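The structure appears right after this line, and notes come after that.
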Amino acid sequence: MPMESKYDHKSVESKIYKMWEEGGYFKAERDPAKKPYTIILPPPNASGKMHMGNVLMIAIEDILIRWKRMQGLSALWVPGTDHAGFETQTTFERELKKEGKSRFDFDRNTLYQKIWDFVQKNRYLIEGQIRQMGASVDWSRYRFTLDPQSLKIVQSTFEKMHKDGLIYRDDYVVNYSFKWGTTFSDAEVVFVEKIDPLYYIKYGPLTVATVRPETKWGDTALAVNPNDERYKKYIGQEISFTDPLGEQKLKVIADSYVDSAFGTGVLKVTPAHDKNDYEIGLRHGLQVKSVMGLDGRMNENAGKYKGLKIAEARKQAIEDLTSMGLVEKVDQNYTHTVPVDYRSNDYIEMLPVPNWFIKVDSLKKKALEVVENGELNIYPKWREVTYTRWVENMHDWAISRQVVWGIRIPAWYSAKENPTLEVAFLDKDGNYKFGKLSDFDFDEVKNGLQRVTAAKNTKYVISETCPGDDYLQETDTFDTWFSSGQWPLITLGYPDSDDFKYYYPTNVLETGWEIVTRWVSRMVMFGIYATGKSPFKDVYLHGMVRAVDGKKMSKNLGNNIDPDEYFEKYGVDALRMGLIFGTANGKDFAFPKDKVIAYRNFANKVWNMARFFLMESDTYKQSAGKELNFYSDEQHAELVEADKKIIDGLNALTKSVNENLDKYRFADAAEGIYHFMWDELASRYLENLKSREDKDAALAVFRHVFLNCLKLLHPFMPFITEEIWSNLPKEDATPLIVSSWPK
RNA sequence: GGGCGAUUAGCUCAGCUGGUUAGAGCGCUUGGUUUACAUCCAUGAGGUCAUAGGUUCGAUCCCUAUAUCGCCCACCA
C-alpha cells in the first residue's frame, strides 16, 4: 500500500488493532521456559467513560507489556472493569429521577436487576475505548467484579476471614433517616443552614454550648483543647454533676479537634450521634452510647425520656434542665448547618448502625513489613510515606455498605430466632413500609424486601446459599474496595488455577497515587492474607493529569478534557506520548497539549522517513538492477565514520531505553528516542545520505537503524510503528508487536 | 486544621548521586518554492533557577525561614 505524504491516524488505528486482536498477539501463553511478566489493569468503572487519567494509565502499562513481550517474556495484561458500587448506583438513581422514580420504589432484587441491565447497556463504551487506545490486553481473560467467579472468590475470602476470627459486627456511626428508615451515604446528605437555639448547659464546674441537649445522655466525655489555659486543670479529671436523670460523671479529655474559640471551648463528646465525636471517641477509646433507636425514639439510655420522639425529648429536656437551673443562657439566633437527605430535606441523624468490620491489626503489620523489607517497592520513592503513614494509622475497616449495587454479604438471619429484625419493604400493593419483622407477614417482607437491619448481637449464619425457609439475607453489600482489593486474586483465578500458579505475584501495579491508600493497601493486605506474598513486586504511581489551567479537572469548573477529542484530532499515539511526558517525576501535571502536538508532528516525521527510504531504495533498485542488501553486524568494521556513529548511537539508545524503562522513567526513554530519530537519524544521517556515493551501504545501514528504532518506539507509539513496519521490506516477517526487542 | 508537593525561558515542564557555556516542546525572530516531511528546513532571541540566610572549594540541587500556589484528608459541637 503506497504511503501518503501525511500520516493519517484515522485510517490506520482500527485496522491495526483488529490485526493484532485477530492474530491473537495479546493472548499470553503459559510457558515454563519463559519468565512471566504480569500486570493487572486497574479496573475502570464498567459503566463509565475514559478520562485522561485512564489514558495515561493504559499508555504506561501498554509500554511495559509491549516491551516485555518483545523481550520474549510471557507478558500478560489482564483487563477488567469494576462495578463501582456506590458511584454507579448514584448514576442510576439520577436516571430514575428523570422518570420521577427513586430507589424506594423498587424492592432490592428488582433494583439490582435494573442496575445490572443499565451497566450491561453501557459497558461497551469503556471497553471500546480501551481497544481504541491500542491496549494490548488479553481479552480472553477479561473479568468483571460481579462475574460469578469474582463473587465466589470474594465470598470465600470473607468466609475464611470469618473463620479466622477477623470479622466482627459492631455499630458504626452512619447517616440515618427516620423518615425513610434507612441510611444515606455522605454524598446523599446535603447541608442546609438553619437557625436554632444554642443552649449553654452546666456540667458541674464546666459549661457546654449545644443545640442537641437531648443527646447529653449519650455523652461519654467532655473535651477541651490541650492548649486552652482555662481548662488545663480539668484535663484527665472526672467531674461530677447532677442533671434530670440524677448523678452523672464524665471524664475531661484533651483533643486538638476542639476549637477554644467556639462556645465555651468545652465540647460534649457524643460518639454515637456525631461523626467527629465518633472519631474523637476512637482516639480516646470512648464508649459509643446511643440514646435513640432505629425507630426514631429515645431508648433506655435516655431514662425517663425513653419512648419520646427526638423533638419531644429535646423540648422536655430543656424544660427540665431550666427548672433545675442548669441552663446558663440561650443564644436564640445561632446559625448552623444541619444535614438533611437530598430527597425530602428531612433530618438526617448520626446513628450507630450495625455494620461488618475487619480486624486489621495483623493484616496491616504484614502490609508494612513487605515495604520495609523490600519485597514491595513503591515508585516514586517519596510516595512511600503516603502508604506507610496511612497503613500505620488504619482503624478496623467497616466493609459493609448500605448500597444495593454490589456483592451482597453472605450472612443470613433466621426470622424465627430474630423477630425484632428491623426491615423495610414494599408490601404486596407496592407501598413502602418499615418496622419490626414480627409485625408483618414474613413472605410479604421477603418478596418485597428492601433492607434488613440486624442489631449487632443478632445471630447469623454465613452461607453462600439460603440456609432455610425462614431466613432473610443481609442486605448490606461489601465496600467496593473489599472486592477490588482482591482484584489480583480474582483476575488470576486464585487459589488453584494454572494462571494463578504461573503469573502470581504480578510484577507491577501501576495506578494513580490518589488511591494508594484506599486500594493499593487493601490489595497488599488481601494478597498477603491469602497467599503469604505481596500481590506485586513494584508499585508505580503516576501523577494526576490536571486541566490546562493547572486545576483538577471537574465538571463544576468546566475544565474537563475529553480524550476522544485528542484521539480524533492528533491520534492515539500522539496523545499517549504527550501524556508520558508528564511522568518524569511522578508529580501531578497540567495537561501537556503542546507535547501532544509535538508528538503528532513526530509521528509524521517518522512516517516520512519511511517514505524517503522507500523512494531511495526504489531509485537504487532501478539504477543498480538489484534489491538492497540487508545490513549485518559483520560489516561494522568496514563502515565509514558516519555509519559507525549512527549504529553506535542506536546501541547506546537501546541501552538507555532499557535502563530508563527499568526505572519507570518513561519520559526520559521517550525523549531519547525522539531526539535520536529526529536529530541524529533524520537531520544528520539522512541529509548526509543524500550526497553519499555508496548508496547501497548507506541505505542498508539506515534501514537497520530505522527498523530498530521502530522497535524501540513501538511500545510508546504502537499504531504508527506497526503500520510503517508492514510497509517496509525486512528479513523479519512477523508483525512488529511480536518482533524481538533490539539487543 | 493535618499531610504531601511545587515555585527553572512568554507557556507547559525536564534537570535522576552538588561539579563545564542550565535543557526540551510549544510560542516568538529572521531566512527558505532543494520532489521524504511547511505536521518541514535553517537561524536567532529569551533564564538573578520565588525571596532571604546557611552548609560547602563549589548550590537549580542539601539545610532553615518567609511568601505564593496546587492536591489529599478533616471541617466545626
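Keep in mind the model is a prediction, meaning the values are calculated, not measured. Lettering follows sequence order; numbering is per chain, from 1.
When distances run from any side-chain atom of Leu267(A) to the nucleotides A77(B), C4(B), G25(B), the shortest one goes to A77(B). The side chain of Thr210(A) has A77(B) as its nearest neighbour among G3(B), A24(B), A77(B). The side chain of Trp382(A) sits closest to G5(B) out of G5(B), G15(B), C72(B).
When all heavy atoms of Asp219(A) and Leu250(A) are compared, the pair lying nearest together is O-CD2, 3.6 Å. Taking every heavy atom of both residues into account, His273(A) and Val291(A) meet most closely at NE2-N, 3.0 Å.
In a base pair of the Watson-Crick type (N1 to N3 plus N6-O4 or O6-N4) or a G-U wobble (N1-O2 and O6-N3), with each distance short of 3.5 Å, G47(B) is matched with no nucleotide. Nucleotide G70(B) forms a Watson-Crick or G-U wobble pair with C4(B), both donor-acceptor distances falling under 3.5 Å.
For the P atoms, the distance linking A42(B) with U33(B) amounts to 16 Å, nearest Å. Straight-line distance between the P atoms of U29(B) and C72(B): roughly 39 Å, to the nearest whole Å. To the nearest whole angstrom, the two C1' atoms, one in G44(B) and one in U30(B), are 7 Å apart. To the nearest whole angstrom, the two C1' atoms, one in U60(B) and one in C13(B), are 15 Å apart. Spacing of C1' atoms, U68(B) relative to A52(B), comes out at 15 Å, to the nearest Å. Rounded to whole Å, the separation between the C1' atoms of C75(B) and G3(B) comes to 15 Å.
Ion pairing between Arg212(A) and Glu214(A) holds under the 4.0 Å rule for side-chain N and carboxylate O. No salt bridge links Arg389(A) with Glu392(A); every basic N to acidic carboxylate O contact stays at or beyond 4.0 Å.
Distance CE (Met553(A)) to P (G70(B)): 17 Å, rounded to an integer number of Å. When rounded to the nearest whole Å, the span between NZ of Lys587(A) and P of C69(B) equals 18 Å. Going from atom CE of Met577(A) over to atom C1' of G25(B) covers 12 Å, rounded to whole Å. The separation between Trp513(A) atom CH2 and G5(B) atom P is 11 Å, rounded to whole Å. For Tyr203(A) and A77(B), the OH to P distance is 15 Å, given to the nearest whole Å. Atom-to-atom, CE of Met544(A) to P of G5(B) comes out at 16 Å; the value is rounded to the nearest Å. In this structure, Lys381(A) atom NZ and G5(B) atom C1' are separated by 18 Å, rounded to whole Å. Atom-to-atom, CG of Asp588(A) to C1' of C71(B) comes out at 6 Å; the value is rounded to the nearest Å.
Contacts of Arg212(A) with the nucleic acid, taken as non-hydrogen atoms under 4.0 Å apart, are absent. Contact annotation for Ala209(A): base contact, defined as any heavy-atom pair under 4.0 Å involving a base atom.
Aromatic ring pairs are classed by plane angle as parallel below 30°, tilted from 30° to 60° and perpendicular above 60°; the pair Tyr674(A) and Phe602(A) is tilted. Relative ring orientation between Phe666(A) and Tyr540(A) is described as perpendicular, the plane-to-plane angle rising above 60° on a 0-90° scale split at 30° and 60°.
Remark: Lys730(A) NZ is packed, more than 12 non-hydrogen atoms of other residues, nucleotides or ligands lying under 6.0 Å away.
A residue-by-residue look at Asn585(A) and Ile597(A) shows that Asn585(A) has its nearest nucleotide of RNA chain B further toward the 5' end. Residues Asp594(A) and Val211(A) both approach RNA chain B. Their nearest nucleotides, taken by heavy-atom distance, put Asp594(A) toward the 5′ side.
Lys268(A) and Thr215(A) form a side-chain donor-acceptor contact under 3.5 Å, judged by distance and modelled atom types alone.
A cation-pi contact, defined as under 6.0 Å to the ring centre and within 45° of the axis, links Lys216(A) to Tyr203(A).
Within the 4.0 Å cut-off from OP1 or OP2 of G15(B), at least one side-chain nitrogen or oxygen of Arg665(A) is found.
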Discussion item. Protein within reach of the bases, or only the backbone? For nucleotides 34-42 of chain B, mark each nucleotide 5' to 3' as B, S or -, using heavy atoms under 4.0 Å.
Written reply: --BBSBSS-

